[in-house]
Amino acid sequence: MDYQNLLEKAKEVSKNSYSPYSKFPVGACVLAESGKTYIGTNVENASFGATICAERSAILNAVANGERKIKAVAIYSPKMKKCAPCGLCRQVMCEFKSDSGIDIILEAEDGGLDIHTLDELMPMSFDL
Ligand code: THU
């Protein structure tokens with residue numbers, strides 16, 4: 001699975017976003033160590049704190065399917081280039097990072113790929 005393809009899947013699932021309050025759709029696609037991919041989108045709630053982000057939705061989907069190690073996460077919003085993951089999602093990514101870490105794939109300003117690592121976005125993270 002190449003990263004451009006992963007971003008395309010994130011783009012596709014962002015169309016299913018349930019975001020009537022923020023009107024900020026987001027899609028995410030996880031590449032697990034098994035080679036399988038898992039999609040997720042943000043799902044909002046009238047009680048705003050009950051909202052789940054696209055990234056956590058995709059990661060929980062992967063975990064529910066038996067995955068424990070994630071290699072990459074692509075994130076897309078039609079409203080924002082370089083839609084970086086929130087702090088809560090970064091912490092959840094830390095829980096399931098593969099031995100080689102996690103690549104975070106965003107859409108660059110020019111429409112290409114903007115690739116970061118979780119270690120770069122979440123230095124000195126908490127773990128037990
Ligand atoms: N959101 C995500 O799904 N992922 C992000 O990385 C940033 C924020 C969602 C949460 C909420 O539904 C909307 O975007 C606005 O914050």
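Counting begins at 1 with the first residue of the sequence. Atoms within each ligand, like the ligands themselves, are counted from 1 in listed order.
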Per-atom contacts, ligand 1 versus [X] - under 4.0 Å to a heavy atom:
| X | value |
| --- | --- |
| Cys86 | 6 (O) |
| Glu55 | 2 (C), 3 (O), 4 (N), 5 (C), 6 (O) |
| Ser22 | 13 (C), 15 (C) |
| Ala54 | 2 (C), 3 (O) |
| Glu44 | 11 (C), 12 (O), 13 (C) |
| Phe24 | 13 (C), 14 (O) |

Taking the side chain as everything from C-beta on, heavy atoms only, tell me whether Glu109 gets closer than 4.5 Å to Lys82.
yes
Below 4.5 Å, heavy atoms only, C-beta onward: do Phe24 and Cys83 meet side chain to side chain?
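Sidechains of Cys83 and Phe24: in contact.
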For Ser57, does its backbone N or O pair with a side-chain atom of Asn61 as donor and acceptor, under 3.5 Å?
no
Please confirm whether the backbone N or O of Ser22 pairs with a side-chain atom of Ser19, one donor and one acceptor, at under 3.5 Å?
no
Could you check whether any heavy atom of Pro25 sits closer than 4.0 Å to an atom of ligand 1, since that is the contact criterion I want to use?
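The answer is no, since Pro25 has no heavy atom less than 4.0 Å from ligand 1.
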Using heavy-atom distances, let me know which of Ile75, Thr41, Asn42 sits nearest atom 9 (C) of ligand 1.
Asn42
Residue pair Asn65 / Tyr38, side-chain donor-acceptor N/O under 3.5 Å
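No, Tyr38 and Asn65 have no side-chain donor paired with an acceptor closer than 3.5 Å.
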Please classify the Pro85 to ligand 1 contact at 4.0 Å (heavy-atom distances, strictly less than): side chain, backbone, both or neither.
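It is the backbone that touches ligand 1; the side chain stays farther off.
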Purely on distance, is any nitrogen or oxygen of Ala84 under 3.5 Å from one on ligand 1?
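Yes; at least one N/O pair falls below 3.5 Å.
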Joint cluster assignment, Ile59 & Met122, ILVMFWY side-chain distance < 4.5 Å
yes
Is Val13 reachable from Val26 through a run of hydrophobic residues whose side-chain heavy atoms are each under 4.5 Å from the next?
no
Does atom 16 (O) of ligand 1 have a protein non-hydrogen atom under 4.0 Å from it?
no
Tell me, which protein residue and heavy-atom name are nearest atom 8 (C) of ligand 1, and how many Å apart are they?
Cys53 SG, 4.2 Å
